[in-house]
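To start, the structure itself, in structure tokens.
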Amino acid sequence: MSQGLLYIISAASGTGKTSLVKALVGDEHGIQLSISYTTRKSREAEVEGKDYYFTDEKQFQQMVKQQAFLEHAHVYGNYYGTSVEKLNEKLNAGIDVILEIDWQGADQVRKRINNSRSIFILPPSVDALRERLESRGQDSQQIIDGRMETAIKEMMHYYNFDYLVINDQFENALNDLKSIVRENQLQTNHQRLNNNEIIKNLGI
Ligand code: 5GP
């Protein structure tokens, strides 16, 4: 039975990570996005069970106590966590899974799952990051200023990741992500599991 690979993708808010990950998952077969639990209020156009599982703090803390999370963190004033159960369902079905989580979550996952692959996405400049945060029009100026400050601190953790992608041109960054996924799919351990029949029929 083949086992899916786990990818961690992190970036500061406003780097374009969500759009990149959505495009990657849309174009690549056999790779899916893990849906996190959060105590954040849902934004317009966000769908329960598709973007996040929206919950309250009481229920979230209950899940923490029950050790239901592979990792969890407090980010920008809200709690976020990855459910072990939902993640394992996918990995055990041979599906590669992307965790779109912050650097604190990435640290926890790296410690617990030693064959995960981590990718950090950087914006091309501080100005580009601020522009992207402002153009979303979803958050107040106060929230944007807070996120800029947090973003700089968050980006300092890039060197702990296996891969670094710069999102200057969307298509180039998307191709970089696809190359990383393809490179990992072609590794012998992964290929052996997924091409079991071919290898068996070759008698090797
Ligand atoms: P947003 O509220 O903009 O959707 O996400 C805010 C931040 O929380 C992003 O950096 C995102 O990667 C992070 N995040 C989302 N889900 C999780 C999760 O399950 N665990 C952790 N550690 N971070 C998460």
Side-chain angles (χ1 to χ4, degrees), residues 6-25 32-57 59-64 66-91 97-113 116-123 129-140 142-158 160-161 163-165 167 173 177:
L6 186 62
Y7 294 91
I8 305 161
I9 302 190
S10 297
S13 179
T15 308
K17 172 188 56 174
T18 303
S19 313
L20 280 168
V21 167
K22 280 199 175 128
L24 177 69
V25 169
Q32 288 183 12
L33 190 57
S34 160
I35 300 156
S36 300
Y37 282 79
T38 184
T39 59
R40 170 167 74 64
K41 295 266 172 296
S42 81
R43 295 191 183 118
E44 231 179 57
E46 281 184 330
V47 178
E48 163 74 20
K50 191 166 165 273
D51 297 287
Y52 281 106
Y53 296 107
F54 294 98
T55 182
D56 58 27
E57 214 168 307
Q59 221 181 335
F60 193 94
Q61 293 304 345
Q62 187 75 22
M63 288 180 76
V64 171
Q66 291 164 346
Q67 301 190 319
F69 294 122
L70 171 68
E71 61 75 36
H72 64 278
H74 195 242
V75 191
Y76 307 123
N78 298 294
Y79 289 98
Y80 295 84
T82 305
S83 150
V84 178
E85 193 184 338
K86 294 207 185 317
L87 176 66
N88 283 342
E89 269 171 26
K90 289 184 173 145
L91 292 176
V97 180
I98 298 177
L99 300 184
E100 196 191 318
I101 60 179
D102 86 314
W103 67 270
Q104 304 169 77
D107 271 358
Q108 295 172 46
V109 175
R110 254 188 236 105
K111 281 184 196 131
R112 294 184 65 175
I113 300 186
S116 60
R117 310 284 191 273
S118 60
I119 308 166
F120 201 89
I121 307 175
L122 285 175
L129 184 68
R130 180 171 276 282
E131 242 169 63
R132 285 179 197 169
L133 280 177
E134 283 171 348
S135 71
R136 291 211 297 210
Q138 289 173 330
D139 300 309
S140 69
Q142 197 190 353
I143 289 181
I144 291 170
D145 288 346
R147 285 194 169 215
M148 273 307 286
E149 209 175 293
T150 311
I152 305 292
K153 286 188 196 139
E154 193 156 10
M155 289 192 290
M156 288 175 179
H157 296 270
Y158 77 89
N160 284 326
F161 287 70
Y163 301 93
L164 187 61
V165 169
N167 185 18
L177 290 178

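FYI, the numbering just counts along the sequence from 1. Each ligand, and each atom within it, is numbered from 1 in the order the structure gives.
Figure legend: R147 and Y76 shown as a cation-pi pair, the cationic atom lying under 6.0 angstrom from the six-membered ring centre and within 45 degrees of its axis. Relative to the six-membered ring of F120, K17 misses at least one condition, a distance below 6.0 Å or an angle of at most 45° to the axis. Relative to the six-membered ring of Y52, R43 misses at least one condition, a distance below 6.0 Å or an angle of at most 45° to the axis.
Heavy-atom proximity to R147, at under 4.0 Å, picks out these atoms of ligand 1: 3 (O). Interface atoms of ligand 1 facing A73, defined by a heavy-atom separation under 4.0 Å, are 22 (N). Within ligand 1, counting atoms from 1 as listed, the ones closer than 4.0 Å to a heavy atom of G105 are 22 (N). Using a 4.0 Å cut-off to heavy atoms of T82, the atoms of ligand 1 that qualify are 19 (O).
One finds the OH atom of Y79 at 16.0 Å from the CZ atom of R40 (value rounded to the nearest 0.5 Å).
The 12-atom threshold is not exceeded at OH of Y158, counting heavy atoms of other residues, nucleotides or ligands nearer than 6.0 Å.
Distances from ligand 1 to the non-hydrogen atoms of E71 include at least one value under 4.0 Å. Within the structure, the closest approach of Q108 to ligand 1 does not fall below 4.0 Å when heavy atoms are considered. Residue G81 places a heavy atom under 4.0 Å from ligand 1.
For atom 9 (C) of ligand 1, the closest non-hydrogen atom of the protein is K17 NZ, 3.6 Å. Nearest protein heavy-atom neighbour of atom 4 (O) of ligand 1: Y52 OH, 2.6 Å. The protein non-hydrogen atom at the shortest distance from atom 7 (C) of ligand 1 is V75 CG1, 3.7 Å. Nearest protein neighbour of atom 17 (C) of ligand 1, counting heavy atoms only, is Y80 CB, 3.4 Å. S36 OG, 2.6 Å is the protein heavy atom nearest to atom 19 (O) of ligand 1. Considering only non-hydrogen protein atoms, atom 3 (O) of ligand 1 sits nearest to R43 NH2, 3.3 Å.
At a 3.5 angstrom cut-off on N or O pairs, D102 counts as close to ligand 1. Here's the thing with Y76: none of its N/O atoms is less than 3.5 angstrom from an N/O atom of ligand 1. Here's the thing with H72: none of its N/O atoms is less than 3.5 angstrom from an N/O atom of ligand 1. Ligand 1 has no nitrogen or oxygen under 3.5 angstrom from a nitrogen or oxygen of E46.
Using cut-offs of 30° and 60° for the angle between ring planes, the W103 and H157 rings count as parallel. Note on ring orientation: taking the six-membered ring where Trp is involved, the planes of Y37 and F69 are perpendicular (angle over 60°, cut-offs 30° and 60°).
Counting heavy atoms under 4.0 Å from ligand 1, residue K41 does not touch it at all.
Using a 4.5 Å heavy-atom cutoff, the side chains of K50 and I35 are not in contact.
Under a 3.5 Å cut-off, the side chain of N167 and the backbone N or O of T15 do form a donor-acceptor pair. At least one donor-acceptor pair under 3.5 Å links the side chain of R112 to the backbone N or O of L70.
Using a 4.0 Å cut-off between charged nitrogen and carboxylate oxygen, D145 and R130 count as a salt-bridge pair.
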